[in-house]
Amino acid sequence: QVQLVESGGGLVQAGGSLRLSCAASGRTFSNYVMGWFRQTPGKARESVAVISGSGGRTFTSDSVKGRFTISRDNAKNTVYLQMNNLKPEDTAVYYCAASRLFDFRTYAYDSWGQGTQVTVSS
């Protein structure tokens with residue numbers, strides 16, 4: 001299990017951009033698959049993007065494909081979510097999470113950050 005802390009959320013106008021960061025503890029960060037998820041009130045968390053330990057394989061959900069990019073810097077124990085062309089429907093609490101396997105499903109993730117709010121105004 002690793003400790004995760006998200007940052008970078010905030011209020012942005014539609015069409016704008018934000019970059020979320022997730023800082024992880026531990027020396028074995030590169031062994032973990034990392035994912036970004038989001039959740040709105042009354043709805044289950046949904047996968048946004050996933051990246052393999054090496055960064056060589058990624059998954060992005062259809063709703064954000066072409067707009068969001070997941071990346072990682074293992075030397076800094078950090079995973080990023082670059083969000084471009086934001087839409088009001090992207091408004092949610094965004095969470096990063098760590099897994100031992102490449103998966104987009106929430107049950108596969110062992111550790112979760114506290115979340116960071118992203119609000120996109122129209």
Side-chain angles (χ1 to χ4, degrees):
Q1 187 173 351
V2 297
Q3 307 300 311
L4 305 172
V5 180
E6 302 98 332
S7 62
L11 175 65
V12 65
Q13 292 184 347
S17 298
L18 285 173
R19 188 179 75 161
L20 305 184
S21 298
C22 176
S25 65
R27 296 180 294 105
T28 60
F29 177 69
S30 63
N31 296 138
Y32 287 92
V33 172
M34 298 296 298
W36 285 99
F37 296 78
R38 65 187 183 186
Q39 185 171 25
T40 56
K43 296 183 179 181
R45 291 184 188 183
E46 63 173 338
S47 178
V48 175
V50 179
I51 188 167
S52 63
S54 68
R57 182 183 179 189
T58 62
F59 161 85
T60 54
S61 66
D62 289 342
S63 62
V64 306
K65 196 179 300 291
R67 300 187 298 119
F68 292 10
T69 303
I70 188 170
S71 62
R72 67 193 297 160
D73 185 341
N74 287 342
K76 296 182 178 180
N77 276 21
T78 303
V79 62
Y80 305 95
L81 184 67
Q82 179 66 48
M83 305 186 294
N84 297 326
N85 191 24
L86 283 160
K87 303 175 180 180
E89 50 263 46
D90 295 319
T91 295
V93 177
Y94 283 71
Y95 300 87
C96 68
S99 175
R100 293 180 177 87
L101 63 154
F102 193 92
D103 206 326
F104 59 85
R105 290 168 289 195
T106 59
Y107 74 79
Y109 289 79
D110 305 301
S111 302
W112 294 82
Q114 82 287 352
T116 185
Q117 176 71 47
V118 172
T119 302
V120 184
S121 63
S122 60

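Here the structure is a predicted model, which means the values were calculated and not measured. In this chain, residues are counted from 1 in sequence order.
The local environment of NZ in K65 is crowded, with over 12 non-hydrogen atoms from other residues, nucleotides or ligands closer than 6.0 Å.
Checking side-chain atoms of N74 against main-chain N and O of G53 turns up a donor-acceptor pair under 3.5 Å.
The shortest distance between side-chain heavy atoms of S21 and S7 falls below 4.5 Å. Contact of the T91 side chain with the T40 side chain is not registered, since no non-hydrogen atoms from C-beta on lie closer than 4.5 Å. When side chains are defined from C-beta on, W36 counts as touching C22, because their heavy atoms get closer than 4.5 Å. D90 places a side-chain heavy atom less than 4.5 Å from the side chain of R67. Under the 4.5 Å side-chain criterion, counting only non-hydrogen atoms from C-beta, R38 is in contact with E46.
Between E6 and T116, the shortest heavy-atom contact is CB-CG2, 3.9 Å. Heavy atoms only, all atoms of each residue included: M34 and A98 are closest at SD-CB, 3.6 Å. When all heavy atoms of A14 and S122 are compared, the pair lying nearest together is CB-CA, 4.4 Å. Here the shortest heavy-atom pairing between L18 and G8 reads CD2-O, 3.9 Å. The two residues S52 and G56 make their nearest non-hydrogen contact at OG-N, 3.2 Å. Minimum interatomic distance between V12 and G16 (heavy atoms only, all atoms of both residues): CG2-CA, 3.8 Å.
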Checklist entry - Between D103 and V50, is a side-chain contact (heavy atoms from CB on, under 4.5 Å) present by the stated rule, with each step listed? => result CA-CA 7 Å; D103 206 326; V50 179; over 6 Å; no
Checklist entry - Checking side-chain contact (heavy atoms from CB on, under 4.5 Å) for the pair Y32/S111: CA distance, chi angles, key distance, verdict? => result CA-CA 10 Å; Y32 287 92; S111 302; 5.8 Å; no
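Looking at V2, N77, D73, T78 one by one, the single match for side-chain contact (heavy atoms from CB on, under 4.5 Å) with F29 turns out to be N77. Considering V64, L20, I51, V118 in turn, L20 is the only one that fulfils the side-chain contact (heavy atoms from CB on, under 4.5 Å) rule with L81.
S54 OG to N31 CG: the interatomic distance, rounded to the nearest 0.5 Å, is 11.0 Å. Put simply, SG on C96 and CZ on R72 are 10.5 Å apart, with the number rounded to the nearest 0.5 Å. Going from atom CG of L4 over to atom CD of Q114 covers 9.0 Å, rounded to the nearest 0.5 Å.
In the hydrophobic cluster analysis, where Ile, Leu, Val, Met, Phe, Trp and Tyr join through side-chain heavy atoms closer than 4.5 angstrom, F68 is grouped apart from V93. Hydrophobic clustering places F102 together with F37 (ILVMFWY residues linked when any side-chain heavy atoms are closer than 4.5 Å, directly or through intermediates). Using a 4.5 Å cut-off between side-chain heavy atoms of Ile, Leu, Val, Met, Phe, Trp and Tyr, with links allowed through other members, I70 and V48 fall into the same hydrophobic cluster.
Y109 does not carry R45 over the face of its six-membered ring by the limits of under 6.0 Å from the centre and within 45° of the normal.
Y95 and W112 have perpendicular rings, their planes meeting at more than 60° on a 0 to 90° scale where under 30° would count as parallel.
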